[in-house]
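As structure tokens, the structure follows; a few thoughts come after it.
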Amino acid sequence: MKTQHILKFMGLMALVQSIVLSGCKDNVVLPYQPIDSYTQIYMPEAVNGPVVKTLKITDSVQTLIYGANYGGQDYPGSDISVNFTVNKALADSFNVANKTNYPVMPDGSYTLSANTAIIPKGKVSTTPLTISVKTNGAGAMDALKTYILPVGISGNPVKVREALRTTFYILKAQPDFNDYPNYDRTNWAIIGFSSQEANGEGPNNGRAVFALDGNTSTFWHTQWSGASPGPPHYIIIDMKEAKTVHGVSFVGRQADGGGKPNEVNIQVSLDNTTWTDAGTFNLLNNKDLQKQFLPNGFKSARYLKVIINSAYNGSYTQVAEFNAF
């Protein structure tokens, strides 16, 4: 009887083992894939997506790195020639895919150190190459404007990995505020405004001229006595001579409460007739000095129109000090 139980147990174990082995059988047949299909060249700078750089505006040329790498089994058995080109047409496809509108870097604002390079036999990369970028002077990129530069590769005889064929450089030239002191306002004049509070703030306050008097205790306040016009509010300033305007600065009224500028638009003109949009930006709701570069780039101007489209916690606005640099 005991022997029969043992035989049944051994038969059951054999059945289980048969089922397990049958279930683990690998029926997948992989297609033939030669080693050469894994051998590709690519741009290592493209691995993490676009290369985003903010450059300082300076007279010195600044550089970015580019190159090509080899990927595959072992090392290349012969030299691999790689060509580098700026494919401007790819900027459009990038902008569509990323919902951006970056213009291509202007011709003359950049130079590739080489259009061809070699990945030597037994090596896995070209020597590092450089893109020289001009941020100041003739032919330079515009300040504060974001550009795109698509640099791509082709090679012989090795295939290119399509996903890493092109490096998209996203570039902007950002000035340093410390390099741009405020202009002397001695001869500046207010020649127009939307409204001002000529009476309610006392004899030495409220009027538009107090935005230029160098005293943060005084301020321009839009009208509230007798009428209270809503935004947009504006003042027009004559600097008495044409200057390159890089940006503007504001100091809010040195008191708590509403009325400090929020959304601001700057218009510039050389003749007080034809105006150019220099850009729109937002200020913080505080009493501090706030400096802003013109979003649309540096402008030549004699006249400035400061338009306050909205203010914090109020339909009126008030500004202690305004300047340009």
Mind checking whether V104 and L112 sit in one hydrophobic cluster, side chains of I, L, V, M, F, W, Y counted as touching below 4.5 Å?
-> no
Between the side chains of W224 and E201, does any donor sit under 3.5 Å from an acceptor?
-> yes
Provide the closest heavy-atom pair for Y42 versus P44 in the form atom of the first, atom of the second, distance.
-> O-CD, 3.5 Å
Would you mind reporting whether K260 and L284 have side-chain heavy atoms less than 4.5 Å apart?
-> no
Closest non-hydrogen atom pair between L304 and A324, with its separation | CD1-CB, 3.9 Å
Checking side chain to side chain contact (heavy atoms under 4.5 Å, CB included) for the pair V52/K172: CA distance, chi angles, key distance, verdict?
-> CA-CA 8 Å; V52 181; K172 180 174 74 172; over 6 Å; no
Qualifying salt bridge (Lys or Arg N to Asp or Glu O under 4.0 Å) pairs with a residue from residues 309-325, counting only residues at least two apart or across chains = R185-E321
Rounded to the nearest 0.5 Å, how far apart are CG of L283 and CZ of F250?
-> 5.5 Å
When you measure from the centre of the six-membered ring of Y183, is the NZ or CZ of K243 under 6.0 Å away and within 45° of the axis?
-> yes
So CZ of R161 and OG1 of T39: to nearest 0.5 Å the spacing works out to 13.0 Å
Minimal heavy-atom distance between S154 and V160, with the atoms involved, is CA-CG2, 4.1 Å
Among the clusters formed by ILVMFWY side chains lying less than 4.5 Å apart, do V306 and Y180 turn up in the same one?
-> no
Could you check if a side-chain atom of N285 sits within less than 4.5 angstrom of a side-chain atom of N313, using non-hydrogen atoms only?
-> yes
Mark yes or no: K305 above the aromatic ring of Y234, with NZ or CZ under 6.0 Å from the six-membered ring centre and no more than 45 degrees from the axis.
-> yes
Shared hydrophobic cluster for F94 and M141 (ILVMFWY, side-chain gaps under 4.5 Å) | no
Is there a side-chain contact between I236 and D238 (heavy atoms, below 4.5 Å)?
-> no
Take S269 and D271 through the test side-chain hydrogen bond (donor to acceptor under 3.5 Å, both in side chains) and record every step on the way to the result.
-> CA-CA 6 Å; S269 176; D271 58 9; 3.0 Å; yes
A173 and P175 have their tightest heavy-atom pair at O-CD, 3.7 Å
So CG of N262 and CG of N282: to nearest 0.5 Å the spacing works out to 5.0 Å
Under 3.5 Å, is there a donor-acceptor pair linking the side chains of E263 and N265?
-> no
Can any side-chain N or O of T222 pair as donor or acceptor with the backbone N or O of T317 at less than 3.5 Å?
-> yes
Check the pair Y110 / L149 against side chain to side chain contact (heavy atoms under 4.5 Å, CB included), numbers first and verdict last.
-> CA-CA 9 Å; Y110 66 90; L149 186 67; 3.7 Å; yes
When the ring centroid of F293 is compared with that of F281, is the distance short of 6.0 Å?
-> no
Report yes or no: does E45 contribute a side-chain atom to a donor-acceptor pair with the main-chain N or O of V47 at less than 3.5 Å?
-> no
Go through the steps for T167 and Y169 under the test side chain to side chain contact (heavy atoms under 4.5 Å, CB included), then give the verdict.
-> CA-CA 6 Å; T167 301; Y169 295 90; 3.5 Å; yes
Give a yes or no answer on whether the side chain of T58 reaches the backbone of S60 with a donor-acceptor pair at less than 3.5 Å.
-> yes
Below 4.5 Å, heavy atoms only, C-beta onward: do L144 and Q174 meet side chain to side chain?
-> yes
More than 12 heavy atoms of other residues, nucleotides or ligands under 6.0 Å from CZ of R302: is that the case?
-> yes
Residues N215 and T218: closest non-hydrogen pair is O-OG1, 3.0 Å
Where the side chain of Q196 meets the backbone of A208, is there a donor-acceptor pair that is under 3.5 Å apart?
-> yes
For residues R253 and Q318, is any side-chain donor paired with an opposing acceptor at under 3.5 Å?
-> yes
Quick one: does NZ or CZ of K291 land under 6.0 Å from the six-membered ring centre of F325, within 45 degrees of the ring axis?
-> yes
Across all chains, not counting sequence neighbours, the salt bridge (Lys or Arg N to Asp or Glu O under 4.0 Å) partners of R165 are E162
Quick one: does L129's side chain get under 4.5 Å of S113's, heavy atoms only?
-> yes
Between S228 and S315 the two heavy atoms that sit nearest each other are OG-OG, 4.4 Å
E241 (side chain) donor-acceptor with M239 (main chain) under 3.5 angstrom | no
Is it the case that one hydrophobic cluster holds both V319 and Y312, taking links as side-chain heavy atoms less than 4.5 Å apart, direct or via other members?
-> no
Do N95 and T100 have side-chain N/O donor and acceptor atoms under 3.5 Å apart?
-> yes
Any salt bridge (Lys or Arg N to Asp or Glu O under 4.0 Å) involving residues 95-118? Give me the pairs, sequence neighbours left out, ordered by first then second residue.
-> K88-D107
Please list, chain by chain and in numerical order, all residues satisfying salt bridge (Lys or Arg N to Asp or Glu O under 4.0 Å) with K240, sequence neighbours excluded.
-> none
Determine, step by step, whether F219 and F210 satisfy the ring-ring contact (aromatic ring centres under 6.0 Å, His included) criterion, reporting the C-alpha distance in whole Å, the side-chain angles of both residues, the deciding distance to 0.1 Å, and the verdict.
-> CA-CA 5 Å; F219 49 88; F210 291 108; 8.4 Å; no
Sorted by chain and number, sequence neighbours left out, salt bridge (Lys or Arg N to Asp or Glu O under 4.0 Å) with D176 holds for K56
T280 OG1 to L294 CG distance, which is reported to the nearest 0.5 Å | 10.5 Å
pair K145-Y147: side-chain heavy atoms closer than 4.5 Å | yes
Applying side chain to side chain donor-acceptor pair (under 3.5 Å), which residue pairs with at least one partner in residues 118-141 are found, sequence neighbours left out?
-> D59-N136, Q62-T135
How long is the span from the CE atom in M105 to the CD1 atom in I170, to the nearest 0.5 Å?
-> 11.0 Å
So with a 6.0 Å cut-off around OH of Y75, is the heavy-atom count from everything else above 12?
-> no
Trace of the side chain to side chain contact (heavy atoms under 4.5 Å, CB included) decision for L171 with Y102 = CA-CA 9 Å; L171 306 174; Y102 302 135; over 6 Å; no
Do P229 and Q223 come within less than 4.5 Å of each other through their side chains, counting heavy atoms only?
-> yes
Quick one: do the D184 and T186 side chains pair a donor with an acceptor below 3.5 Å?
-> yes
Any idea how F298 and H246 line up, ring-wise: parallel (<30°), tilted (30 to 60°), or perpendicular (>60°)?
-> perpendicular
Roughly how far, to the nearest 0.5 Å, is OH of Y303 from CG of N272?
-> 5.5 Å
Decide yes or no for I118 and I80: does some side-chain heavy atom of the first lie under 4.5 Å from some side-chain heavy atom of the second?
-> no
Find out if a path of hydrophobic residues (ILVMFWY) with successive side-chain heavy-atom gaps under 4.5 Å connects F322 to V251.
-> no
Do the side chain of N296 and the main chain of D277 share a donor and acceptor less than 3.5 angstrom apart?
-> yes
